[in-house]
Chemist: 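The structure follows.
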Amino acid sequence: MALTMRAAVAAPRGLLRLFCTNSTASSPTFPFTSTPPSGATSTRQMADPSTNLFVSGLSKRTTTENLRAAFQKFGEVVHARVVTDRVSGYSKGFGFVQYATLEDAAKGIEGMDGKFLDGWVIFAEYAKPRPPPGEAASNMTKQYGRPY
DNA sequence: GCTGAGCGA
């Protein structure tokens, strides 16, 4: 039942795998039955391992405290932030959570991905690395993209 | 006060 609800709710990038569960072609009458080059059905759910977690599917009224409290139960959360709009001031519906270690981040994903928060199904995934400032590095030396 | 896919001050 849980897998059905994940497919119903908007999924980030792993949604495509749910629709492509059929391996061997059952209708050889189609000209598009060309055998795929790879054929591997694994190693697709894990992105680049990092302590930064991208949490999406958050409720509009979910705050940073709720996000941190929800992920802190699975590991030590170093930093948590719910992205809010600068103009309206309301949350955009997604946030970022950074764990102390990679294993805590993995446990956080396995523990909070596809779970309910504020009545909405949230999705935990590794966040993409942010571009460095390049110049003026004397202001903020630490960046959440590359903790190591 | 809020739209509901997507990546931040």
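Values below: all heavy atoms of this structure, side chains included; hydrogens, waters and symmetry mates excluded. Below, chains carry the letters A, B, ... as their sequence lines are ordered, and counting in each starts from 1.
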Chemist: For A/Leu67 and B/dC7, give me the distance from atom CG to atom C1', rounded to whole Å.
Modeler: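 So the two atoms are 14 Å apart, to the nearest Å.
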Chemist: Check the distance between B/dC7's P and A/Asp85's CG and give it to me in whole angstrom.
Modeler: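 Result: 15 Å.
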Chemist: Within residues 57-64 of chain A, find the residues that approach DNA chain B with a heavy atom at under 4.0 Å, and present them sorted by residue number.
Modeler: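 Listed by number, they are A/Gly57, A/Leu58, A/Ser59, A/Lys60.
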Chemist: Given atom CZ of A/Arg81 and atom C1' of B/dG6, what is their separation to the nearest angstrom?
Modeler: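 Distance, rounded to whole Å: 17 Å.
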Chemist: Could you check whether A/Phe94 and the base of B/dG6 form a stacked pair, meaning centres closer than 5.5 Å and planes differing by less than 30°?
Modeler: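 No, aromatic ring not over the base.
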Chemist: Figure out the CZ/P separation between A/Phe54 and B/dA5, and round it to whole Å.
Modeler: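 For the pair A/Phe54 CZ and B/dA5 P, the rounded distance is 13 Å.
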Chemist: Check every atom of B/dC7, B/dA9, B/dG1 against the side chain of A/Arg86 and return the nucleotide holding the closest atom.
Modeler: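 From the listed options, B/dA9 comes nearest.
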Chemist: Looking at every strand, decide which applies to A/Ser88 at a 4.0 Å heavy-atom threshold: base, sugar-phosphate, or nothing.
Modeler: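 Result for A/Ser88 = base.
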Chemist: Starting at CD of A/Glu125 and ending at P of B/dG8, how long is that distance when rounded to a whole Å?
Modeler: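 It is 14 Å, rounded to the nearest whole Å.
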Chemist: Working to the nearest 0.5 Å, report the span between CG of A/Asp118 and CZ of A/Arg61.
Modeler: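 Atom-to-atom, A/Asp118:CG and A/Arg61:CZ are 7.5 Å apart.
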Chemist: Is there side-chain contact between A/Val83 and A/Phe94, with at least one heavy-atom pair below 4.5 Å?
Modeler: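 Yes; the side chains approach each other to less than 4.5 Å.
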Chemist: Tell me the interatomic distance from A/Phe96, atom CZ, to B/dA9, atom P, rounded to whole angstroms.
Modeler: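 In whole Å, B/dA9 P lies 9 Å from A/Phe96 CZ.
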Chemist: Both A/Tyr90 and A/Val83 contact DNA chain B. Taking the nearest nucleotide for each, which residue is further toward the 5' end?
Modeler: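 Whichever sits nearer the 5' end wins; that is A/Tyr90.
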Chemist: Sort and list the pairs that fulfil salt bridge (charged side-chain N to carboxylate O under 4.0 Å, His left out) and have at least one residue in residues 94-105 of chain A, not counting sequence neighbours.
Modeler: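 Residue pairs passing salt bridge (charged side-chain N to carboxylate O under 4.0 Å, His left out), neighbours aside: A/Asp104-A/Lys107.
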Chemist: Please tabulate, for the side chains in residues 68-77 of chain A, all donor-acceptor contacts under 3.5 angstrom to protein atoms that are two or more places apart in sequence or on a different chain.
Modeler:
none

Chemist: Please identify each residue that fulfils side-chain hydrogen bond (donor to acceptor under 3.5 Å, both in side chains) with A/Ser91, with sequence neighbours left out.
Modeler: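 Partners of A/Ser91 by the side-chain hydrogen bond (donor to acceptor under 3.5 Å, both in side chains) criterion come out as none, since no residue qualifies.
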Chemist: So, using side-chain hydrogen bond (donor to acceptor under 3.5 Å, both in side chains) as the criterion, who are the partners of A/Thr63 when residues are at least two apart?
Modeler: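 A/Thr63: side-chain hydrogen bond (donor to acceptor under 3.5 Å, both in side chains) contacts with A/Asn66.
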Chemist: From CG of A/Leu53 over to P of B/dC7, roughly how many Å is that when rounded to an integer?
Modeler: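 Taking atom P of B/dC7 as the reference, CG of A/Leu53 is at 16 Å.
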Chemist: Quick one: A/Ile122 CD1 to B/dA5 P, roughly how many Å, whole number?
Modeler: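 Distance check: A/Ile122 CD1 to B/dA5 P gives 17 Å.
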Chemist: Sequence neighbours excluded, which residues qualify as side-chain contact (heavy atoms from CB on, under 4.5 Å) partners of A/Thr64?
Modeler: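 Residues passing side-chain contact (heavy atoms from CB on, under 4.5 Å) with A/Thr64: A/Ala80, A/Val82.
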